[in-house]
There are 2 protein chains.
Amino acid sequence: MKIERRKVSMQVFDRIKEYIHKEKMQPGDRLPTEKQLSEMFGVSRTPVREALSVLEASGLTVSKQGGGSIVQAASLTNLIEEIQFEFVDTEEVLNLLETRIILETEAARLAAERGTADDKLIIKKKLEEIRSSQHDNRVGDKEDIAFHNAIAKASHNPILVHSVENLTTLYEKAIRFSLKKNMGISEKRAQVLSEHERIYTAIRLGNGEQAGEEMYQHLSNACKKFKHSFDQALNS
Amino acid sequence: MKIERRKVSMQVFDRIKEYIHKEKMQPGDRLPTEKQLSEMFGVSRTPVREALSVLEASGLTVSKQGGGSIVQAASLTNLIEEIQFEFVDTEEVLNLLETRIILETEAARLAAERGTADDKLIIKKKLEEIRSSQHDNRVGDKEDIAFHNAIAKASHNPILVHSVENLTTLYEKAIRFSLKKNMGISEKRAQVLSEHERIYTAIRLGNGEQAGEEMYQHLSNACKKFKHSFDQALNS
DNA sequence: CTATCATAATTTGTATGATAAATATACAAC
DNA sequence: GTTGTATATTTATCATACAAATTATGATAG
C-alpha cells in the first residue's frame, strides 16, 4: 500500500480553489493575505506562495505586489478542471501550424477530387459533431481534430493520412497545454464553424482548388489567432 | 506605454523552459539543482522554487524530494511518431512520393526564402556529393536523401524537417526493399542531376516560387519514372 | 570480484525572519 | 472634487535553517 503524500503546497492550492468556490468569490474580489492564508491552513508562507504562483499561472488569480491576490476567472462554475498553461514554445506551435497548412491544404484538395460519397458523408458527420459541441458550449477540440482527420482520410493516401493525423494529434497536445484563457470566445467560434462549413462545401462539390484555398485560409486564421492571443498574454 | 514588469519567478520560469529546450533535454533527464539554478540566474531559491512549481503543475517536470527535478515531457519535435514500415507496395511508394511532393515543394520554397548562406553552402555540398557519387558510378541514394533533407533543414521549421526526414528515410527503405531497384535509372541520372542543380540554383538565388516549382517537377518526374518502370516490369 | 547494506552527502520541502517595493488607505491642502 | 503626502498593508525576494527523502559512497560479507 502506497501512502499518498501530496506536497503541502499542492494541498494548499486545492484548499484555496475550494475557498474561492465556497465563498462564491467573484472576479475582482480579494483573497485573504498570504499571512492570513498561512495561518488559516497552519502552514508557512512558502507553500502558500507556491500555490498562489500556480493559481496565477493557471489564470485563476492575479497577485500584485502590495495589492493582494485578486480573483480573475470569469465563472467559477466551469472552473478549471485541469490546469492549463503554456509550456510549449510558441514558435513550435507556429511551426506545427505551418506544416499543417502545407499538408492539409493539399489533403483538402485531394479529398475534393478523390473523396467518395461515403467519405464526404463522414466529413459531414464530423462537421455536425463540431456544431453540437458548440451548442453544448464545449471546447470541441476532439471534434475539430476528427474533422480534419476525416478530410485527410478522404484523400485515399494512407501516408498522407498518417502524417496529418500525426500532426493534428501533436497540435491537440500543444493546444491543451498552451491555450489558457481564450477559449469560449463565441464570435470566433462562429467564424471557425463557418470556415469548416466552407471547406466541407467545397469538398462536397468536388472543387479541389476551392477546398485547398478554404483549408489554407482556415489554418492561416488559426495561426493568426494563436499569435494574437500570445501577444495579448505577453502584454498582460 | 506600459512599463514591463515581470516577476523574477516568471522570468526564471521562462529561462528554465529555454534551458530545457536549448540543452535538448529528454524525458528522464535531471535539471540542475535549485541551488545551481539560483546561482545560474543570480536569484535566490524562492523564485526558482515558484518557477519549478508552475513547471511541475504544467506537467513539464516532476520534482521529488531528495531526487531533484526531472523532465517529463519533451519538446514537440521529439514527440513526432515515425511511420512504421510494413511492406513495399507500389501504390504505397506512389503515396509516399505524393506526400513528399506536397511537403518538399513547400520546403524548397521556404529554403529559398529563409535559408542562410550557411544553409545554402551545405545544400551545395550535398549536391556535389551526389555528383561525385555519380562519377564513381555508385547508386547515390544516401546522397540524394541527404540533399533533400538539407533543403528541408534550410526551412528552419523543425517540425517540417522531421516530417520530411521521416518520409525520405521511408522512401529510401522502400526503394531499397523494392525488388526493382536501379531499374534503368542510369540513363536518367544526368537528368536527375540537372534537376537537382536547378533546385539548388533557385534556392541559392532566393527564388522561392522557382525552387518550389523545380522541386515539384523533380519529384513528379520521379513519380513518373517509378510508374513507368513498374509498368515495364509488369509487361516483361 | 560482486552483492548487500549501513552511512554520508545531496537535494527538495517547509519554516522563519528580514528587507525592498508596490499598493491601498486616510487625511490634509488646495 | 482633485491632488499630494504620510502611513500602513501586502506582495516579492532574500537568506538561513532544518526536516525528509533520495542518491552516492564505502565497508563488509560471501
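We use all heavy atoms of the structure for the numbers below, so side chains are in, but hydrogens, waters and symmetry mates are not. Lettering of chains follows the sequences in order, A, B, ..., and the numbering in each one begins at 1.
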Partner residues of A:Lys153 under the salt bridge (charged side-chain N to carboxylate O under 4.0 Å, His left out) criterion, sequence neighbours left out: A:Glu165
Contact pattern, 5' to 3', of nucleotides 10-17 of chain D - B, S or - by protein heavy atom under 4.0 Å: BBBBB--B
All side-chain contact (heavy atoms from CB on, under 4.5 Å) counterparts of A:Glu195, not counting sequence neighbours: A:Gln191, A:His218, A:Asn221
Contacts of type side chain to side chain donor-acceptor pair (under 3.5 Å), residue A:Ser38, not counting sequence neighbours: none
Whole-Å gap separating P (C:dT11) and CD (B:Glu39): 11 Å
Partner residues of A:Glu23 under the salt bridge (charged side-chain N to carboxylate O under 4.0 Å, His left out) criterion, sequence neighbours left out: none
Pairing residues for B:Glu34 by the side-chain contact (heavy atoms from CB on, under 4.5 Å) criterion, not counting sequence neighbours: B:Arg45, B:Val48, B:Arg49, B:Leu52
